[in-house]
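One structure is given below, encoded as structure tokens.
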Amino acid sequence: GAVVSQHPSRVICKSGTSVKIECRSLDFQATTMFWYRQFPKQSLMLMATSNEGSKATYEQGVEKDKFLINHASLTLSTLTVTSAHPEDSSFYICSAGGPDNQPQHFGDGTRLSIL
Amino acid sequence: GQSLEQPSEVTAVEGAIVQINCTYQTSGFYGLSWYQQHDGGAPTFLSYNALDGLEETGRFSSFLSRSDSYGYLLLQELQMKDSASYFCAVIKAAGNKLTFGGGTRVLVKP
């Protein structure tokens with residue numbers, strides 16, 4: 001079945017650091033990938049839609065200059081949290097879909113902790 | 001806007017049957033998905049309904065009624081490992097984005 005790989009699984013870094021998270025579709029091409037954020041005991045909130053070869057589409061309230069998304073190939077999307085601060089600490093998860101974009105499969109997530 | 005309602009928590013014993021209901025309000029509807037998430041882990045796809053009716057996958061089944069904007073996930077023969085959060089998610093006709101419900105925490109007791 002479809003597999004989505006996300007790296008790194010955990011990051012702990014100092015405030016002000018920029019952190020890059022990678023999301024790869026391993027056995028299919030994904031023209032669209034999605035990035036979510038999840039706080040403890042809460043649901044997943046869509047941050048942005050990553051479009052291969054074009055600009056990402058951000059959800060309302062998500063700062064595009066804070067969360068930079070690049071989707072340079074059909075198998076790789078990256079999310080960079082720029083100048084991260086403690087309030088950016090969260091669980092970041094990517095997803096990509098199979099044929100007709102369904103069902104979507106998720107990466108294992110990245111737990112980001114900013115000190 | 002969109003909203004999905006599901007119960008926040010359900011407790012049951014091993015071997016029991018649990019039904020998690022999900023009602024949704026959305027402008028545009030393509031399908032309803034269900035995901036399982038264990039603590040500390042990422043969501044795992046369980047099922048997807050685009051048409052009315054019941055989809056069965058082993059111990060888990062999912063149902064959709066488009067006219068009632070309602071679906072449910074049925075967990076049968078509960079096992080301890082089924083303790084997790086379960087999310088319904090709507091796919092709108094445009095964009096294929098998932099919008100998640102608040103999640104239902106299922107606790108299975110011996």
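Hydrogens, waters and symmetry mates are skipped; everything else that's a heavy atom, side chains included, is used. These numbers were taken from a predicted model, which means no experiment stands behind them. To find a chain, count down the sequence lines: A is the first, B the second, and so on, and within it residues start at 1.
The residue from B:Gln76, B:Gln36, B:Arg59 that alone fulfils the side-chain hydrogen bond (donor to acceptor under 3.5 Å, both in side chains) condition with B:Asp82 is B:Arg59.
Chosen from A:Gly109, A:Ser43, A:Gly107, A:Ser95, the residue pairing most often with chain B at heavy-atom distances under 4.5 Å is A:Ser43.
In this structure, the portion of A:Gln38 lying under 4.5 Å from any heavy atom of chain B is its side chain and not its backbone. Contacts of A:Gln60 with chain B are absent, with no heavy-atom separation under 4.5 Å from either backbone or side chain. With a 4.5 Å cut-off on non-hydrogen atoms, A:Leu44 touches chain B through its backbone and its side chain both.
The aromatic rings of B:Tyr24 and B:Phe29 sit parallel to each other, their planes meeting at less than 30°, with 60° as the upper class boundary.
Residues passing the side-chain contact (heavy atoms from CB on, under 4.5 Å) test with B:Ala89 are B:Leu98, B:Phe100, sequence neighbours excluded.
In this structure, A:Leu79 CG and A:Ile93 CD1 are separated by 12.0 Å, a value rounded to the nearest 0.5 Å.
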